[in-house]
There are 2 protein chains.
Amino acid sequence: MEEQIVDVLKKSQLSVTDSRRKILELFLQADSAMAHHDIETKAGEKFDRVTVYRTLQAFLEKGIIHTIPTPDNSVKYALCKDNCEQGHHHDDHVHFICKICGITTCLDDVHVPEIKLPRGYKTQQTEVVVSGICKECS
Amino acid sequence: MEEQIVDVLKKSQLSVTDSRRKILELFLQADSAMAHHDIETKAGEKFDRVTVYRTLQAFLEKGIIHTIPTPDNSVKYALCKDNCEQGHHHDDHVHFICKICGITTCLDDVHVPEIKLPRGYKTQQTEVVVSGICKECS
DNA sequence: CTGCATTTTGCAACATTGTTGCAAAATGCA
DNA sequence: TGCATTTTGCAACAATGTTGCAAAATGCAG
């Protein structure tokens, strides 16, 4: 794990610091998306709020994580699985939010469909977020 | 217009007040979704920030407007076109965000596709937000 | 039209979330 | 190990959202 963490950071040309190590570890351990607040809490009192913001910002820019828009507009972050280049997240999977347990997950195997738009519109990115009841809760 | 405004409010069992009138008017005039901040600004200095929050809350509950999740997680609100019952918004259209002009619109004619989820997951609502370049900007 | 119960508003105060500048500390490279 | 560069933590601030409560507005009955 530690090895993997350092590896990811180096590949992204980020220097290896305690906060980045810790926050990346949280993402690797998590099986669902996390809100900023979750991350702050889970990281313990070790890190300043500002550091968490800046670390997430750096991870976003490097394509290590991506954000998930939610209907209640709370920001969630999740690890990018692969082929996410610098600053260019290629999100082709559907996100799921359970209305019971509240957990947000990436359904990596469910791809976003192509949406046919009216004449004149150009698609650059499509976000699909499904809300409902997850495997565990049903 | 004024007639329509009063009509909508009465149908939703909301008493007709200045702030509700004004804010509903903004929605009826707007051809795109508005952020809370837009509404506050456009309503002028006439209304308290808190009143705007509470008015939007009331409109949401009554199904007069709906929220649109955006990738940058800024909350946007737009009028519901029809068949939105009390507290039960039935959102079956796709939302579009232009990366150039920043405008968020409801593509009422573009319906959200059905997403087939893995065994065990139950869909209650599907949100589709497409980002790209709009008719006007391309 | 008037009076009155009820709802809504505005204010104040507060909590949360996010941003910026800068000195001190940590990183990584020679 | 030393040093240039990056990152962190702190402080201060801005923006966003929430709550309680008294004053004002609404709408309904008479």
Side-chain angles (χ1 to χ4, degrees), chain A residues 2-3 5-26 33-62 64-65 67-77 86 102 104, chain B residues 2-3 5-26 33-62 64-65 67-77 86 102 104:
Chain A
E2 178 61 25
E3 203 176 318
I5 289 170
V6 174
D7 190 55
V8 170
L9 291 177
K10 290 218 164 139
K11 265 191 188 146
S12 301
Q13 297 164 282
L14 290 172
S15 51
V16 181
T17 67
D18 284 353
S19 64
R20 286 174 184 165
R21 242 200 293 253
K22 180 63 183 172
I23 291 175
L24 186 48
E25 191 188 343
L26 289 178
M34 293 183 288
H36 179 99
H37 185 260
D38 300 331
I39 298 165
E40 241 181 82
T41 309
K42 286 186 188 168
E45 318 215 331
K46 259 187 96 184
F47 306 108
D48 193 82
R49 224 156 47 80
V50 179
T51 302
V52 177
Y53 277 106
R54 288 194 274 225
T55 303
L56 291 175
Q57 196 54 47
F59 285 5
L60 278 175
E61 275 163 17
K62 298 297 185 178
I64 298 175
I65 58 175
T67 59
I68 303 169
T70 69
D72 72 329
N73 277 88
S74 62
V75 199
K76 298 257 176 143
Y77 302 89
Q86 289 261 116
T104 302
Chain B
E2 178 61 25
E3 203 176 316
I5 289 171
V6 173
D7 190 54
V8 170
L9 290 177
K10 290 219 164 140
K11 265 191 189 147
S12 301
Q13 297 165 283
L14 289 172
S15 50
V16 180
T17 67
D18 284 354
S19 64
R20 286 175 185 164
R21 241 201 293 254
K22 180 62 185 174
I23 292 175
L24 186 48
E25 191 188 343
L26 288 178
M34 293 183 288
H36 179 98
H37 185 262
D38 299 332
I39 298 165
E40 241 181 83
T41 309
K42 286 186 188 167
E45 318 215 330
K46 258 187 96 182
F47 305 108
D48 193 82
R49 223 156 48 81
V50 179
T51 301
V52 176
Y53 277 106
R54 288 195 275 225
T55 302
L56 290 174
Q57 196 55 45
F59 285 4
L60 278 176
E61 274 163 18
K62 297 297 184 177
I64 299 175
I65 58 175
T67 59
I68 303 170
T70 68
D72 72 328
N73 276 89
S74 62
V75 199
K76 298 257 176 143
Y77 302 89
Q86 289 263 116
T104 302

Comparing nearest nucleotides in DNA chain D, the 5'-proximal residue of the pair B:Val16, B:His37 is B:His37

Note: for A:Arg49 and B:Arg21 on DNA chain D, the residue whose nearest nucleotide lies more 5' is A:Arg49

Rounded to the Å, how far apart are A:Ile39 CD1 and C:dT17 C1'?
14 Å

Nearest 0.5 Å, please: how far is CD1 in A:Ile65 from CG in A:Leu56?
4.5 Å

Nucleotide C:dT16, atom P - distance to NE2 of B:His36 in whole Å:
19 Å

Symbol by symbol from the 5' end, with Watson-Crick or G-U pairs under 3.5 Å, [ ] crossing and | another strand, DNA chain D is ||||||||||||||||||||||||||||||

A:Met34/A:Lys42 under side-chain contact (heavy atoms from CB on, under 4.5 Å): CA gap, chis, key distance, verdict
CA-CA 10 Å; A:Met34 293 183 288; A:Lys42 286 186 188 168; 3.9 Å; yes

Could you tell me the separation between the CE atom of B:Met34 and the P atom of D:dT16, rounded to a whole number of Å?
16 Å

Residues A:Asp18, A:Arg21; criterion salt bridge (Lys or Arg N to Asp or Glu O under 4.0 Å); working and verdict
CA-CA 5 Å; A:Asp18 284 353; A:Arg21 242 200 293 253; 3.7 Å; yes

Can you give one letter per nucleotide of nucleotides 2-9 of chain D, 5' to 3': B if a protein heavy atom sits under 4.0 Å from the base, S if only from the sugar-phosphate, - if neither?
----SSBB

Heavy-atom nearest pair, B:Leu26 first then B:Ile39, reads CD1-O, 3.9 Å

To the nearest 0.5 Å, what is the distance between OG1 (A:Thr17) and NZ (A:Lys22)?
13.0 Å

Nearest whole Å is fine: how far is C:dG18 P from A:Gln57 CD?
11 Å

Side chain A:Arg20, main chain A:Ser15, donor-acceptor under 3.5 Å
yes

Counting only heavy atoms not in B:Glu2, do more than 12 sit closer than 6.0 Å to its CD atom?
yes

Hey, is CD on A:Glu3 packed in by over 12 heavy atoms from elsewhere, all under 6.0 Å?
no

Rounded interatomic separation in angstrom, taking CD from B:Glu40 and P from D:dT16:
8 Å

note: B:Tyr53, atom OH; C:dT17, atom P; distance rounded to Å ~ 13 Å

Checking B:Tyr53 against B:Asp48 for the side-chain contact (heavy atoms from CB on, under 4.5 Å) test, could you report, in this order, the C-alpha distance in whole Å, the side-chain angles of both residues, the deciding distance, and whether it holds?
CA-CA 9 Å; B:Tyr53 277 106; B:Asp48 193 82; over 6 Å; no

